[in-house]
Peer 1: 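Okay, here's the structure, questions in a sec.
Basis for what follows: all heavy atoms, side chains included, without hydrogens, waters or symmetry-related copies.
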Amino acid sequence: MSQTVIRVEGLGKRYRIGERERYLALRDVVTRALRAPTRLLARSSNGSNRSATNTIWALKDVFFEIQEGVVVGVIGRNGAGKSTLLKILARITRPTEGSAEIRGRVGSLLEVGTGFHPELTGRENVYLNGAILGMKKAEIQSKFDEIVAFSEVERFLDTPLKHYSTGMQMRLAFAVAAHLEPEILLVDEVLAVGDANFQRKCIGKMADVAKKGRTILFVSHNMDAVTRLCSRGILVANGRLLLAGSSAEVVSGYLARQDALSNTFEIDYSHEAFPEGGAYLLSGEVWQEGALTSGSDVCALRFSAPWCIKIRYRVTRPLNSITSGLRIADAQDRFVFNTAECFTESLSLERSPGDYEAICHIPQGLILPGEYSLDIGLDVVGGLCLQGLRGVARWRIINDDPILGRFQDGRLVGVIGSRIAPWTTRALREGVQVEE
(Lines give C-alpha, C1' and ligand atoms only; values in the text may rest on other atoms or scores of the structure.)
Protein backbone atom coordinates (compact mmCIF):
# COMPACT_ATOMS: atom_id res chain seq x y z
CA MET A 1 0.00 0.00 0.00
CA SER A 2 1.34 3.45 -0.93
CA GLN A 3 2.38 5.65 1.97
CA THR A 4 1.10 9.15 2.57
CA VAL A 5 3.73 11.68 1.47
CA ILE A 6 1.71 14.88 1.98
CA ARG A 7 -0.66 15.41 4.89
CA VAL A 8 -2.38 18.78 5.33
CA GLU A 9 -4.42 19.38 8.50
CA GLY A 10 -6.36 22.55 9.29
CA LEU A 11 -4.08 24.60 7.06
CA GLY A 12 -4.68 28.32 7.01
CA LYS A 13 -2.75 31.32 5.71
CA ARG A 14 -3.66 34.86 6.69
CA TYR A 15 -2.12 37.93 5.10
CA ARG A 16 -2.17 41.40 6.62
CA ILE A 17 -2.59 43.85 3.77
CA GLY A 18 0.45 46.07 3.50
CA GLU A 19 2.74 43.84 5.56
CA ARG A 20 5.72 41.98 4.17
CA GLU A 21 6.13 38.26 4.52
CA ARG A 22 9.01 37.79 7.00
CA TYR A 23 9.64 34.06 6.63
CA LEU A 24 12.46 33.05 4.28
CA ALA A 25 13.09 29.61 2.85
CA LEU A 26 16.64 28.34 2.20
CA ARG A 27 16.48 29.21 -1.51
CA ASP A 28 15.51 32.79 -0.65
CA VAL A 29 18.30 33.09 1.91
CA VAL A 30 20.88 31.85 -0.61
CA THR A 31 19.57 34.12 -3.36
CA ARG A 32 19.49 37.23 -1.17
CA ALA A 33 22.94 36.49 0.25
CA LEU A 34 24.40 36.35 -3.25
CA ARG A 35 22.67 39.55 -4.29
CA ALA A 36 23.64 41.61 -1.22
CA PRO A 37 25.53 39.91 1.63
CA THR A 38 25.19 42.90 3.93
CA ARG A 39 21.40 42.81 3.65
CA LEU A 40 21.22 39.82 6.00
CA LEU A 41 23.02 41.78 8.70
CA ALA A 42 20.52 44.62 8.72
CA ARG A 43 17.03 44.58 10.17
CA SER A 44 14.43 45.60 7.63
CA SER A 45 12.69 48.80 8.58
CA ASN A 46 9.55 47.60 6.81
CA GLY A 47 9.40 44.20 8.46
CA SER A 48 7.72 45.44 11.62
CA ASN A 49 5.11 47.61 9.95
CA ARG A 50 1.82 46.55 11.47
CA SER A 51 -0.13 49.70 10.79
CA ALA A 52 -2.43 47.99 8.32
CA THR A 53 -5.17 46.08 10.13
CA ASN A 54 -7.02 44.63 7.15
CA THR A 55 -6.41 40.91 6.78
CA ILE A 56 -7.42 38.28 4.26
CA TRP A 57 -7.36 34.50 4.50
CA ALA A 58 -5.72 33.07 1.40
CA LEU A 59 -6.33 29.58 2.81
CA LYS A 60 -8.62 28.42 5.61
CA ASP A 61 -9.33 25.01 7.19
CA VAL A 62 -7.76 22.92 4.42
CA PHE A 63 -7.48 19.16 5.00
CA PHE A 64 -6.24 16.49 2.59
CA GLU A 65 -3.77 13.64 2.11
CA ILE A 66 -1.81 12.61 -0.98
CA GLN A 67 -0.34 9.16 -1.50
CA GLU A 68 3.04 8.38 -2.99
CA GLY A 69 3.15 8.24 -6.79
CA VAL A 70 -0.14 10.12 -7.34
CA VAL A 71 -0.46 13.03 -9.79
CA VAL A 72 -2.86 15.63 -8.37
CA GLY A 73 -4.32 18.54 -10.29
CA VAL A 74 -5.06 21.65 -8.20
CA ILE A 75 -7.68 23.80 -9.90
CA GLY A 76 -9.76 26.86 -9.14
CA ARG A 77 -10.26 30.44 -10.23
CA ASN A 78 -7.59 33.14 -9.94
CA GLY A 79 -7.18 34.14 -6.31
CA ALA A 80 -8.62 30.88 -4.99
CA GLY A 81 -5.48 30.06 -2.97
CA LYS A 82 -3.80 27.49 -5.23
CA SER A 83 -0.40 29.18 -5.44
CA THR A 84 -0.41 29.94 -1.71
CA LEU A 85 -0.97 26.25 -1.02
CA LEU A 86 2.00 25.24 -3.14
CA LYS A 87 4.23 27.89 -1.57
CA ILE A 88 3.46 26.50 1.87
CA LEU A 89 4.21 22.96 0.71
CA ALA A 90 7.47 24.18 -0.86
CA ARG A 91 8.42 25.90 2.44
CA ILE A 92 8.58 29.28 0.74
CA THR A 93 6.04 30.66 3.19
CA ARG A 94 4.77 29.35 6.50
CA PRO A 95 1.13 28.79 7.46
CA THR A 96 -0.71 30.95 9.95
CA GLU A 97 -2.41 27.90 11.40
CA GLY A 98 -2.52 24.16 10.88
CA SER A 99 0.26 21.98 9.51
CA ALA A 100 1.59 20.54 6.25
CA GLU A 101 3.66 17.39 6.67
CA ILE A 102 5.81 16.37 3.70
CA ARG A 103 7.90 13.21 3.38
CA GLY A 104 10.50 13.34 0.64
CA ARG A 105 12.68 15.74 -1.29
CA VAL A 106 10.62 18.52 -2.89
CA GLY A 107 11.32 20.16 -6.22
CA SER A 108 9.21 23.15 -7.18
CA LEU A 109 8.54 25.39 -10.15
CA LEU A 110 6.31 28.09 -8.76
CA GLU A 111 7.63 31.35 -10.18
CA VAL A 112 9.97 32.04 -13.07
CA GLY A 113 13.49 32.38 -11.70
CA THR A 114 12.78 31.06 -8.21
CA GLY A 115 16.04 29.77 -6.76
CA PHE A 116 18.11 31.28 -9.58
CA HIS A 117 20.55 34.18 -9.43
CA PRO A 118 20.54 36.68 -12.33
CA GLU A 119 24.30 37.35 -12.18
CA LEU A 120 25.23 33.66 -12.44
CA THR A 121 25.34 31.84 -15.78
CA GLY A 122 22.85 29.21 -16.79
CA ARG A 123 25.43 26.51 -16.04
CA GLU A 124 26.12 27.89 -12.55
CA ASN A 125 22.41 28.22 -11.81
CA VAL A 126 21.84 24.54 -12.62
CA TYR A 127 24.35 23.62 -9.91
CA LEU A 128 22.97 26.23 -7.52
CA ASN A 129 19.40 25.07 -7.93
CA GLY A 130 20.42 21.43 -7.64
CA ALA A 131 22.24 22.18 -4.39
CA ILE A 132 19.15 23.94 -3.02
CA LEU A 133 17.17 20.80 -3.83
CA GLY A 134 19.66 18.80 -1.81
CA MET A 135 21.48 17.15 -4.70
CA LYS A 136 25.14 16.19 -4.56
CA LYS A 137 27.46 17.52 -7.25
CA ALA A 138 27.88 14.04 -8.77
CA GLU A 139 24.10 13.66 -9.06
CA ILE A 140 23.79 17.02 -10.80
CA GLN A 141 26.62 16.18 -13.21
CA SER A 142 25.00 12.87 -14.15
CA LYS A 143 21.83 14.72 -15.22
CA PHE A 144 23.45 17.88 -16.59
CA ASP A 145 23.41 16.97 -20.29
CA GLU A 146 19.74 15.91 -20.12
CA ILE A 147 18.82 19.17 -18.42
CA VAL A 148 20.57 21.28 -21.04
CA ALA A 149 19.12 19.30 -23.95
CA PHE A 150 15.58 19.56 -22.58
CA SER A 151 15.84 23.29 -21.83
CA GLU A 152 17.16 24.12 -25.34
CA VAL A 153 19.45 26.85 -23.97
CA GLU A 154 22.81 25.18 -24.70
CA ARG A 155 23.95 28.11 -26.84
CA PHE A 156 23.50 30.51 -23.92
CA LEU A 157 24.61 28.20 -21.12
CA ASP A 158 27.56 30.39 -20.12
CA THR A 159 25.60 33.65 -20.39
CA PRO A 160 24.42 35.37 -17.18
CA LEU A 161 20.80 34.56 -16.44
CA LYS A 162 19.83 38.26 -16.44
CA HIS A 163 20.22 38.21 -20.23
CA TYR A 164 17.77 35.29 -20.65
CA SER A 165 14.22 35.93 -21.79
CA THR A 166 11.41 34.93 -19.41
CA GLY A 167 10.68 31.87 -21.55
CA MET A 168 14.34 30.78 -21.48
CA GLN A 169 14.47 31.10 -17.70
CA MET A 170 11.30 29.07 -17.37
CA ARG A 171 12.62 26.33 -19.66
CA LEU A 172 15.82 26.01 -17.65
CA ALA A 173 13.97 26.10 -14.33
CA PHE A 174 11.57 23.37 -15.37
CA ALA A 175 14.37 21.23 -16.77
CA VAL A 176 16.24 21.41 -13.46
CA ALA A 177 13.15 20.73 -11.34
CA ALA A 178 12.02 17.76 -13.43
CA HIS A 179 15.36 16.08 -14.17
CA LEU A 180 16.93 16.17 -10.72
CA GLU A 181 14.29 13.65 -9.66
CA PRO A 182 12.74 15.00 -6.45
CA GLU A 183 10.32 12.65 -4.72
CA ILE A 184 7.65 15.37 -4.86
CA LEU A 185 7.32 17.88 -7.72
CA LEU A 186 5.24 21.05 -7.33
CA VAL A 187 4.38 22.84 -10.57
CA ASP A 188 2.40 26.07 -10.78
CA GLU A 189 0.82 27.70 -13.85
CA VAL A 190 4.22 29.01 -14.93
CA LEU A 191 4.14 26.57 -17.86
CA ALA A 192 1.80 29.06 -19.54
CA VAL A 193 4.86 31.27 -20.09
CA GLY A 194 6.36 28.81 -22.58
CA ASP A 195 5.44 28.30 -26.20
CA ALA A 196 3.11 25.51 -27.31
CA ASN A 197 5.87 23.07 -28.20
CA PHE A 198 7.61 23.45 -24.86
CA GLN A 199 4.32 23.15 -22.96
CA ARG A 200 3.80 19.85 -24.72
CA LYS A 201 7.30 18.72 -23.74
CA CYS A 202 6.63 19.68 -20.12
CA ILE A 203 3.38 17.73 -19.99
CA GLY A 204 5.16 14.72 -21.49
CA LYS A 205 8.01 15.01 -18.98
CA MET A 206 5.63 15.22 -16.04
CA ALA A 207 3.88 12.11 -17.33
CA ASP A 208 7.27 10.34 -17.46
CA VAL A 209 8.08 11.48 -13.92
CA ALA A 210 4.71 10.20 -12.73
CA LYS A 211 5.35 6.77 -14.28
CA LYS A 212 8.46 6.48 -12.09
CA GLY A 213 6.26 6.61 -9.00
CA ARG A 214 6.95 10.21 -8.03
CA THR A 215 4.29 12.51 -6.64
CA ILE A 216 3.24 15.63 -8.57
CA LEU A 217 1.01 18.56 -7.61
CA PHE A 218 0.08 20.45 -10.75
CA VAL A 219 -1.73 23.82 -10.62
CA SER A 220 -3.35 24.64 -13.94
CA HIS A 221 -6.28 26.37 -15.63
CA ASN A 222 -5.96 23.92 -18.52
CA MET A 223 -8.68 21.35 -17.87
CA ASP A 224 -7.46 19.23 -20.79
CA ALA A 225 -4.04 18.89 -19.18
CA VAL A 226 -5.54 18.11 -15.78
CA THR A 227 -7.80 15.33 -17.08
CA ARG A 228 -5.00 13.81 -19.18
CA LEU A 229 -2.15 14.05 -16.69
CA CYS A 230 -3.76 13.74 -13.27
CA SER A 231 -5.54 10.82 -11.66
CA ARG A 232 -6.72 12.89 -8.69
CA GLY A 233 -7.85 16.47 -8.30
CA ILE A 234 -8.40 19.20 -5.71
CA LEU A 235 -10.80 22.11 -6.23
CA VAL A 236 -10.02 25.27 -4.24
CA ALA A 237 -12.31 28.29 -3.99
CA ASN A 238 -12.01 31.35 -1.73
CA GLY A 239 -9.20 29.69 0.20
CA ARG A 240 -11.15 26.54 1.04
CA LEU A 241 -11.04 23.04 -0.35
CA LEU A 242 -14.42 22.44 -1.99
CA LEU A 243 -13.86 19.07 -3.60
CA ALA A 244 -11.28 16.27 -3.72
CA GLY A 245 -11.57 13.12 -5.80
CA SER A 246 -10.83 11.78 -9.25
CA SER A 247 -9.69 14.37 -11.78
CA ALA A 248 -12.88 13.86 -13.80
CA GLU A 249 -15.09 14.49 -10.76
CA VAL A 250 -13.16 17.58 -9.72
CA VAL A 251 -13.10 19.04 -13.24
CA SER A 252 -16.86 18.44 -13.45
CA GLY A 253 -17.35 20.29 -10.17
CA TYR A 254 -15.22 23.18 -11.37
CA LEU A 255 -16.91 23.51 -14.75
CA ALA A 256 -20.34 23.38 -13.11
CA ARG A 257 -19.43 26.56 -11.24
CA GLN A 258 -18.42 28.42 -14.38
CA ASP A 259 -20.65 30.22 -16.85
CA ALA A 260 -23.76 28.13 -17.36
CA LEU A 261 -23.76 25.90 -20.42
CA SER A 262 -26.71 23.80 -21.50
CA ASN A 263 -26.46 20.57 -23.45
CA THR A 264 -30.26 20.24 -23.74
CA PHE A 265 -32.85 22.43 -25.44
CA GLU A 266 -36.61 22.68 -25.84
CA ILE A 267 -38.33 25.05 -28.25
CA ASP A 268 -40.95 27.27 -26.59
CA TYR A 269 -43.95 28.07 -28.80
CA SER A 270 -46.07 29.69 -26.09
CA HIS A 271 -45.49 33.18 -27.50
CA GLU A 272 -45.12 32.50 -31.23
CA ALA A 273 -46.93 30.67 -34.00
CA PHE A 274 -45.82 27.27 -35.22
CA PRO A 275 -43.78 27.42 -38.43
CA GLU A 276 -45.62 26.63 -41.63
CA GLY A 277 -44.54 23.91 -44.02
CA GLY A 278 -45.71 20.72 -42.33
CA ALA A 279 -43.02 20.26 -39.66
CA TYR A 280 -41.37 22.05 -36.75
CA LEU A 281 -38.62 21.49 -34.20
CA LEU A 282 -39.36 20.33 -30.64
CA SER A 283 -36.29 19.63 -28.51
CA GLY A 284 -32.97 17.82 -28.35
CA GLU A 285 -29.67 17.33 -26.58
CA VAL A 286 -25.94 16.84 -26.93
CA TRP A 287 -25.29 13.45 -25.33
CA GLN A 288 -22.41 11.12 -24.48
CA GLU A 289 -22.07 7.97 -22.42
CA GLY A 290 -19.63 8.78 -19.60
CA ALA A 291 -19.70 12.56 -20.07
CA LEU A 292 -18.47 14.74 -17.19
CA THR A 293 -21.58 15.64 -15.22
CA SER A 294 -22.65 17.68 -12.22
CA GLY A 295 -25.93 16.29 -10.96
CA SER A 296 -28.16 15.92 -14.01
CA ASP A 297 -26.27 18.52 -16.06
CA VAL A 298 -23.51 17.65 -18.53
CA CYS A 299 -20.42 19.82 -17.91
CA ALA A 300 -18.20 18.50 -20.68
CA LEU A 301 -17.86 15.74 -23.24
CA ARG A 302 -14.77 13.52 -23.43
CA PHE A 303 -12.62 13.75 -26.55
CA SER A 304 -11.80 10.03 -26.22
CA ALA A 305 -15.36 8.74 -26.67
CA PRO A 306 -18.02 8.99 -29.39
CA TRP A 307 -21.00 11.25 -28.80
CA CYS A 308 -24.18 12.34 -30.56
CA ILE A 309 -26.62 15.18 -31.10
CA LYS A 310 -30.33 14.38 -30.91
CA ILE A 311 -32.93 16.55 -32.66
CA ARG A 312 -36.65 15.93 -32.10
CA TYR A 313 -39.24 17.34 -34.48
CA ARG A 314 -42.93 16.98 -35.35
CA VAL A 315 -44.39 16.31 -38.80
CA THR A 316 -48.02 17.48 -39.25
CA ARG A 317 -48.70 16.19 -42.76
CA PRO A 318 -47.09 13.58 -45.02
CA LEU A 319 -43.69 14.73 -46.35
CA ASN A 320 -41.34 12.79 -48.62
CA SER A 321 -38.17 14.91 -48.60
CA ILE A 322 -37.70 16.52 -45.18
CA THR A 323 -34.36 16.63 -43.40
CA SER A 324 -33.15 17.97 -40.09
CA GLY A 325 -29.63 19.38 -39.95
CA LEU A 326 -27.13 21.02 -37.68
CA ARG A 327 -24.10 23.28 -37.62
CA ILE A 328 -21.51 23.46 -34.84
CA ALA A 329 -19.58 26.69 -34.17
CA ASP A 330 -16.54 27.21 -31.95
CA ALA A 331 -16.01 29.88 -29.27
CA GLN A 332 -15.09 32.42 -31.98
CA ASP A 333 -18.38 31.69 -33.78
CA ARG A 334 -16.60 29.94 -36.65
CA PHE A 335 -18.45 27.01 -38.17
CA VAL A 336 -16.45 23.80 -37.74
CA PHE A 337 -19.05 21.16 -38.64
CA ASN A 338 -22.11 21.00 -40.88
CA THR A 339 -24.27 17.94 -41.55
CA ALA A 340 -27.87 16.76 -42.05
CA GLU A 341 -29.98 13.62 -42.25
CA CYS A 342 -29.92 13.76 -46.05
CA PHE A 343 -26.13 13.25 -45.99
CA THR A 344 -26.75 9.59 -45.05
CA GLU A 345 -27.78 8.01 -48.35
CA SER A 346 -29.35 4.91 -46.78
CA LEU A 347 -31.75 6.96 -44.67
CA SER A 348 -35.30 7.42 -45.95
CA LEU A 349 -36.60 10.98 -45.78
CA GLU A 350 -40.29 10.08 -46.09
CA ARG A 351 -42.25 11.10 -43.00
CA SER A 352 -45.85 10.50 -42.10
CA PRO A 353 -47.48 12.68 -39.39
CA GLY A 354 -45.90 12.11 -35.98
CA ASP A 355 -42.89 12.90 -33.76
CA TYR A 356 -39.36 11.88 -34.75
CA GLU A 357 -35.90 11.84 -33.22
CA ALA A 358 -32.94 12.27 -35.58
CA ILE A 359 -29.53 11.37 -34.15
CA CYS A 360 -26.21 12.51 -35.57
CA HIS A 361 -23.50 10.05 -34.44
CA ILE A 362 -20.10 11.74 -34.04
CA PRO A 363 -16.96 9.57 -33.70
CA GLN A 364 -14.34 10.08 -31.01
CA GLY A 365 -11.69 12.62 -31.87
CA LEU A 366 -13.65 14.20 -34.72
CA ILE A 367 -13.98 17.67 -33.18
CA LEU A 368 -11.19 19.34 -31.22
CA PRO A 369 -11.36 20.11 -27.50
CA GLY A 370 -12.93 23.49 -26.83
CA GLU A 371 -16.28 25.22 -26.32
CA TYR A 372 -19.01 24.92 -28.95
CA SER A 373 -22.55 26.03 -29.79
CA LEU A 374 -25.26 24.36 -31.86
CA ASP A 375 -27.53 25.63 -34.66
CA ILE A 376 -30.34 23.37 -35.89
CA GLY A 377 -32.85 23.46 -38.72
CA LEU A 378 -35.50 21.69 -40.81
CA ASP A 379 -35.38 21.82 -44.61
CA VAL A 380 -37.05 20.41 -47.66
CA VAL A 381 -34.33 18.78 -49.76
CA GLY A 382 -33.75 20.98 -52.79
CA GLY A 383 -36.38 23.40 -51.52
CA LEU A 384 -37.12 25.88 -48.75
CA CYS A 385 -35.81 26.09 -45.20
CA LEU A 386 -38.79 25.38 -42.94
CA GLN A 387 -37.15 26.47 -39.69
CA GLY A 388 -33.73 27.48 -38.37
CA LEU A 389 -32.59 28.23 -34.82
CA ARG A 390 -29.19 29.44 -33.63
CA GLY A 391 -27.35 28.79 -30.37
CA VAL A 392 -29.81 26.28 -28.92
CA ALA A 393 -27.09 24.51 -26.90
CA ARG A 394 -23.54 25.13 -25.66
CA TRP A 395 -21.05 22.57 -24.38
CA ARG A 396 -17.36 21.80 -23.86
CA ILE A 397 -15.14 19.02 -25.13
CA ILE A 398 -12.30 18.01 -22.80
CA ASN A 399 -9.20 16.27 -24.16
CA ASP A 400 -8.75 13.26 -21.88
CA ASP A 401 -6.59 11.04 -24.12
CA PRO A 402 -3.72 12.50 -26.20
CA ILE A 403 -3.07 9.31 -28.18
CA LEU A 404 -6.26 9.90 -30.18
CA GLY A 405 -4.89 13.02 -31.82
CA ARG A 406 -1.69 14.79 -32.69
CA PHE A 407 -0.39 18.29 -32.06
CA GLN A 408 0.05 20.81 -34.82
CA ASP A 409 0.68 24.50 -34.16
CA GLY A 410 -0.16 23.96 -30.52
CA ARG A 411 -3.57 22.41 -31.15
CA LEU A 412 -4.76 18.86 -31.09
CA VAL A 413 -5.82 17.97 -34.62
CA GLY A 414 -8.70 15.66 -35.48
CA VAL A 415 -10.21 14.59 -38.79
CA ILE A 416 -12.93 16.93 -40.02
CA GLY A 417 -15.51 15.59 -42.45
CA SER A 418 -19.28 15.19 -42.31
CA ARG A 419 -19.41 11.96 -44.31
CA ILE A 420 -18.07 9.94 -41.39
CA ALA A 421 -20.85 11.16 -39.09
CA PRO A 422 -23.88 9.02 -40.03
CA TRP A 423 -27.43 9.71 -38.94
CA THR A 424 -30.24 7.46 -37.76
CA THR A 425 -33.90 8.37 -37.30
CA ARG A 426 -36.66 6.69 -35.31
CA ALA A 427 -40.34 7.47 -34.90
CA LEU A 428 -41.32 8.54 -31.41
CA ARG A 429 -45.00 8.34 -32.34
CA GLU A 430 -46.49 7.82 -35.77
CA GLY A 431 -49.86 7.36 -37.40
CA VAL A 432 -51.67 9.77 -35.11
CA GLN A 433 -53.59 12.89 -36.01
CA VAL A 434 -51.48 15.96 -35.26
CA GLU A 435 -52.82 19.49 -35.42
CA GLU A 436 -50.71 22.60 -35.95
Peer 1: Could you grab the distance from atom OG1 of T215 to atom CZ of R103, nearest 0.5 Å is fine?
Peer 2: 12.0 Å
Peer 1: Check E285 with R312, please: is the shortest side-chain N to carboxylate O separation under 4.0 Å?
Peer 2: yes
Peer 1: Do T425 and E341 pass the side-chain contact (heavy atoms from CB on, under 4.5 Å) test, and can you show the C-alpha distance, the side-chain angles, and the key distance before you say yes or no?
Peer 2: CA-CA 8 Å; T425 302; E341 287 179 87; 2.6 Å; yes
Peer 1: Is the number of heavy atoms from other residues, nucleotides or ligands under 6.0 Å of D61 CG greater than 12?
Peer 2: yes
Peer 1: Okay, side chain of K82, backbone of G76: is any donor-acceptor separation there less than 3.5 Å?
Peer 2: yes
Peer 1: Answer whether the closest heavy-atom distance between the side chains of S83 and D188 falls below 4.5 Å.
Peer 2: yes
Peer 1: Please confirm whether the backbone N or O of H117 pairs with a side-chain atom of N125, one donor and one acceptor, at under 3.5 Å?
Peer 2: yes
Peer 1: Can T96 and W57 be counted as having a side-chain donor-acceptor contact under 3.5 angstrom?
Peer 2: no
Peer 1: Has the side chain of Q387 got a donor or acceptor atom that lies under 3.5 Å from a matching backbone atom of L281?
Peer 2: yes
Peer 1: Go through the steps for V106 and L89 under the test side-chain contact (heavy atoms from CB on, under 4.5 Å), then give the verdict.
Peer 2: CA-CA 9 Å; V106 178; L89 296 179; over 6 Å; no
Peer 1: Side chains of R77 and Y254, heavy atoms from C-beta outward: is any pair under 4.5 Å?
Peer 2: yes
Peer 1: Could you tell me whether the side chain of R302 and the main chain of G290 form a donor-acceptor pair under 3.5 Å?
Peer 2: yes
Peer 1: Determine the minimum heavy-atom distance between V226 and S220, stating which atoms define it.
Peer 2: CG2-CB, 4.2 Å
Peer 1: Do I88 and V8 touch side chain to side chain, with heavy atoms closer than 4.5 Å?
Peer 2: no
Peer 1: How many angstroms lie between CD1 in I397 and CD1 in I362, if you round to the nearest 0.5 Å?
Peer 2: 7.5 Å
Peer 1: Between CZ of R317 and CD1 of I322, what distance do you get to the nearest 0.5 Å?
Peer 2: 9.0 Å
Peer 1: Minimum heavy-atom separation for G98 and P95, please, with both atom names.
Peer 2: O-CG, 4.1 Å
Peer 1: Return all side-chain donor-acceptor pairs below 3.5 angstrom for residues 155-162, not counting sequence neighbours, or 'none' if the list is empty.
Peer 2:
residue, atom, partner, partner atom, Å
D158, OD1, R123, NE, 2.8
D158, OD2, R123, NH2, 3.3
K162, NZ, E119, OE1, 3.2

Peer 1: Would you compute the distance between atom CG of L349 and atom OG1 of T323 and round it to the nearest 0.5 angstrom?
Peer 2: 5.5 Å
Peer 1: Evaluate S324 against W423 for side chain to side chain donor-acceptor pair (under 3.5 Å), listing each step before the verdict.
Peer 2: CA-CA 10 Å; S324 64; W423 289 68; over 6 Å; no
Peer 1: Ignoring hydrogens and geometry, is there a side-chain-to-backbone donor-acceptor pair from D330 to Y372 under 3.5 Å?
Peer 2: no
Peer 1: Work out which heavy atom in L242 is nearest to a heavy atom in A237; give both atom names and the distance.
Peer 2: CD1-CB, 3.3 Å
Peer 1: Kindly indicate, with the supporting measurements, whether the criterion side-chain contact (heavy atoms from CB on, under 4.5 Å) is fulfilled by T84 and Y15.
Peer 2: CA-CA 11 Å; T84 300; Y15 286 102; 4.0 Å; yes
Peer 1: Side chains of F337 and L366: does their closest heavy-atom pair fall under 4.5 Å?
Peer 2: yes
Peer 1: For T264, is there any backbone N or O sitting under 3.5 Å from a side-chain donor or acceptor partner on S262?
Peer 2: yes
Peer 1: Please answer whether the main-chain N or O of S151 pairs with a side-chain N or O of R171 as donor and acceptor at a distance below 3.5 Å.
Peer 2: yes
Peer 1: Report yes if some heavy atom in the side chain of C360 is under 4.5 Å from a heavy atom in the side chain of C308; otherwise report no.
Peer 2: no
Peer 1: Run the side-chain contact (heavy atoms from CB on, under 4.5 Å) check on L374 and I328 step by step: do they pass?
Peer 2: CA-CA 5 Å; L374 177 67; I328 297 175; 4.3 Å; yes
Peer 1: Taking R214 for the side chain and D208 for the main chain, is one N or O donor matched with an acceptor at less than 3.5 Å?
Peer 2: no
Peer 1: Look at the rings of Y269 and F274 and say which category their plane angle falls in: under 30° parallel, 30 to 60° tilted, over 60° perpendicular.
Peer 2: tilted
Peer 1: With a 4.5 Å cut-off on side-chain heavy atoms, are L85 and L59 touching?
Peer 2: yes
Peer 1: With no hydrogens and no angle check, is any side-chain donor or acceptor of E183 less than 3.5 Å from a backbone partner on R105?
Peer 2: yes
Peer 1: Quick check: closest heavy atoms across S231 and V70, and the distance to 0.1 Å?
Peer 2: OG-CG1, 3.7 Å
Peer 1: NZ/K310 to CD1/I359 distance, rounded to the nearest 0.5 angstrom?
Peer 2: 5.5 Å
Peer 1: Within the 4.5 Å heavy-atom criterion, are T93 and K13 side-chain neighbours or not?
Peer 2: yes
Peer 1: Would you say that Y313 contacts I267 through its side chain, given a criterion of any heavy-atom pair below 4.5 Å between the two side chains?
Peer 2: no
Peer 1: Just distance, no hydrogens or angles: give the donor-acceptor pairs under 3.5 Å from side chains in residues 243-251, sequence neighbours left out.
Peer 2:
residue, atom, partner, partner atom, Å
S246, OG, E249, N, 3.2
S246, OG, E249, OE1, 3.4
S247, OG, C230, O, 2.9
E249, OE1, S246, N, 3.2

Peer 1: Strictly below 4.0 Å, N to O, side chains only: are E97 and R14 in salt-bridge contact?
Peer 2: no
Peer 1: Nearest 0.5 angstrom please: S304 OG to Q364 CD, how far?
Peer 2: 7.0 Å
Peer 1: Is it the case that atom CD in E101 sees more than 12 heavy atoms from other parts of the structure closer than 6.0 Å?
Peer 2: yes
Peer 1: Could you report the tightest heavy-atom contact between C342 and V381, atom names first, then the distance?
Peer 2: CB-CG2, 4.1 Å
Peer 1: Are there more than 12 heavy atoms of other residues, nucleotides or ligands under 6.0 Å from atom CD of E65?
Peer 2: yes
Peer 1: Which heavy-atom pair separates I102 from R91 by the least distance, and what is that distance?
Peer 2: CD1-NH1, 3.8 Å
